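Here's the structure we're looking at; comments come further down.
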Amino acid sequence: MEQEGSGKGSGNHRGLWSSKFGFIMAAAGSAVGLGNIWRFPYITGKYGGAAFVLVYLVIIFVIGASVMLAEFSLGRAGRLNAVGSFRCLAEKVDPQFKRFWPLVGWVGVLAGTLILSYYAVIGGWTIAYMVKSFTGLMGEAGAGKAGDIFGAFVSDWKMVVFYQVAFMAIAIWIVYQGIGKGIEKYCKVMMPGLFLILIILIFRSVTLEGAEKGLNFYLSPDFSKITGESFLAALGQAFFSLSLGMGIAMTYGSYIPKDQNLVTSVGMVTVIDTAVALLAGLVIFPAVFAFGVEPGAGPGLTFVTLPSVFAQMPAGHVFSALFFLLLFLAAMTSAISLLEVSVSYVVDQMGLPRGLSTLYMGIAITLVGVPSSMSLGGHFPKIFGKDFLDAMDFLTNNVMLCLCALFTVLFAGWLWYKDARAEITVNGKYPFALYTPWIWVCRVIAPAAIGYIFVMGLKW
Ligand code: PHE
């Protein structure tokens with residue numbers, strides 16, 4: 001088995017995770033990102049609170065975790081990046097179409113690369129806002145000017161590019177150092193740090209006067225809000241939140257030692273991702289309702305509403321800085337996973353040394369991100385009526401991720417299922433009682449769900 005990956009960079013010298021804990025932190029770090037903090041709490045509040053959470057839990061554990069297991073096991077079996085693993089596995093199970101399957105990996109690698117280009121723009125904002133928390137943001141936000149500050153910041157494209165480059169430089173620096181000594185080492189510190197900050201902020205938020213109103217909005221179950229639309233929201237969120245369909249789990253899977261239990265790893269990553277998403281809501285809603293402001297989703301909530309909430313608290317600048325540090329950590333651990341996807345592709349397929357690959361890809365991705373940085377203040381032409389950043393977001397999330405995820409599960413479920421069993425159970429060492437249901441999720445349920453998201457998401 002160990003020899004199966006016969007590409008240029010295969011074999012043990014690609015490096016492996018040095019501990020299961022480190023790998024879980026890295027994989028959970030990829031999953032926990034801006035989506036958990038600025039998207040999940042809001043859609044939960046909007047689509048029925050605790051009732052929505054129930055739907056989400058079923059979806060993420062049945063469909064999301066199954067797709068992740070498929071990706072991890074494909075990656076570990078292929079022992080290569082997403083393209084190389086597909087090439088090497090397809091050769092065995094589907095020789096007739098062996099040229100088609102690597103394309104699926106390609107779509108994933110390209111999606112990851114493009115996503116990082118604009119993810120880093122928003123990552124840069126989190127650094128800028130950490131700095132601003134100490135340099136006057138609180139005063140202005142307290143005077144009701146948080147919106148103006150945000151508007152002025154994103155229109156100042158040179159500043160936005162500056163912070164985007166700073167963010168990318170940190171990601172490059174971490175990935176440059178490799179798997180065990182880079183990604184794993186830093187995630188082992190960043191993820192517990194993220195949890196600690198989350199706990200501090202929850203404590204601050206729920207002890208504010210009037211916090212219960214927020215908790216009611218967030219969690220009171222309302223089954224009447226569970227409609228087709230909320231199912232769609234839960235499905236889309238589950239895929240995005242677990243970072244599926246872009247070769248990340250395949251790439252990270254390729255560094256998992258052969259004797260590790262994949263099923264428990266998938267379970268842990270899914271639990272951590274869901275926990276952070278749920279906990280983030282306990283920071284945001286009690287605070288927002290305690291100060292009587294309207295909750296919304298996305299950049300508006302994070303960079304406009306919350307600063308004005310922090311401005312009204314004693315020592316608000318400290319909580320504001322902590323909050324943006326939380327966002328920064330969440331974004332950084334996701335960004336390095338995105339960068340690793342393309343770096344591992346270049347290392348394996350082109351045979352370049354890891355350090356150089358990281359530099360080349362990092363710089364290329366930073367350059368591709370510059371139009372996204374410029375587009376927000378209108379300094380870059382619109383693409384069919386959308387800002388460049390939004391257009392990239394649409395192309396990657398609504399089109400490429402769906403295609404990559406769809407063909408990945410079909411491959412695992414219909415072509416590779418026999419080898420999958422040996423790979424997942426480590427040749428029978430860890431029994432996997434749910435093998436048959438898992439196969440059917442990969443064959444029918446997940447493809448149907450992904451197809452549904454794809455069709456519904458095609459509106460430009
Ligand atoms: N999973 C991350 C989040 O929830 C987002 C992400 C998507 C990260 C795709 C990497 C790749 O924010």
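Just so it is clear, the structure is predicted and the values come from calculations on it, not from any experiment. Throughout, residue positions are numbered sequentially from 1 according to the sequence presented. First listed ligand is number 1; within each ligand, the first listed atom is number 1.
Of all atoms in ligand 1, numbered sequentially from 1 with element shown, those under 4.0 Å from a heavy atom of M246 are 9 (C), 11 (C). Interface of S241 with ligand 1, defined as ligand atoms under 4.0 Å from a residue heavy atom, comprises 1 (N), 4 (O). Numbered from 1 in the order shown, with element, the atoms of ligand 1 that lie under 4.0 Å from a heavy atom of G35 read 3 (C), 4 (O), 12 (O). Residue A31 has at least one heavy-atom neighbour below 4.0 Å for each of these atoms of ligand 1: 1 (N), 2 (C), 3 (C), 4 (O). Residue-ligand proximity, G33 to ligand 1, at heavy-atom distances under 4.0 Å covers atoms 3 (C), 4 (O), 12 (O).
If you check which protein heavy atom lies closest to atom 7 (C) of ligand 1, you get F240 CE1, 3.6 Å. From the protein, the heavy atom lying nearest to atom 4 (O) of ligand 1 is N36 OD1, 3.0 Å. What sits closest to atom 6 (C) of ligand 1 on the protein, heavy atoms only, is S243 OG, 3.9 Å.
Residues E340 and Y255 bring a donor and an acceptor atom of their side chains to less than 3.5 Å of each other. Side chain to side chain, Y118 and T396 meet the donor-acceptor criterion of an N or O pair below 3.5 Å.
Separation of the F324 and F303 ring centroids falls under the 6.0 Å cut-off. Here the two rings, on F40 and Y56, have centers that are under 6.0 Å apart. Remark: aromatic rings of Y129 and F310 are distant, center separation not under 6.0 Å.
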Worked verdict on L116 versus M168 for side chain to side chain contact (heavy atoms under 4.5 Å, CB included): CA-CA 9 Å; L116 179 55; M168 279 301 297; 4.0 Å; yes
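Residue contacts with ligand 1 for I248 involve side-chain atoms from C-beta outward but no N, CA, C or O (heavy atoms, distance under 4.0 Å). Looking at S30 against ligand 1, only its backbone comes within 4.0 Å, counting heavy atoms. With a 4.0 Å heavy-atom cut-off, ligand 1 is reached by no atom of A335. Contact annotation for Y119 and ligand 1: only side-chain heavy atoms (C-beta onward) come within less than 4.0 Å of the ligand.
When each of F167, F328, F162, F150 is checked for a ring-ring contact (aromatic ring centres under 6.0 Å, His included) with W125, only F150 meets the rule.
Side-chain contact between F285 and T44: absent, with no pair of heavy atoms (C-beta onward) separated by less than 4.5 Å. By the 4.5 Å heavy-atom criterion applied to side chains, V341 and Y252 are not counted as neighbours.
Polar contact with ligand 1: absent for V32 (N/O pair, distance under 3.5 Å).
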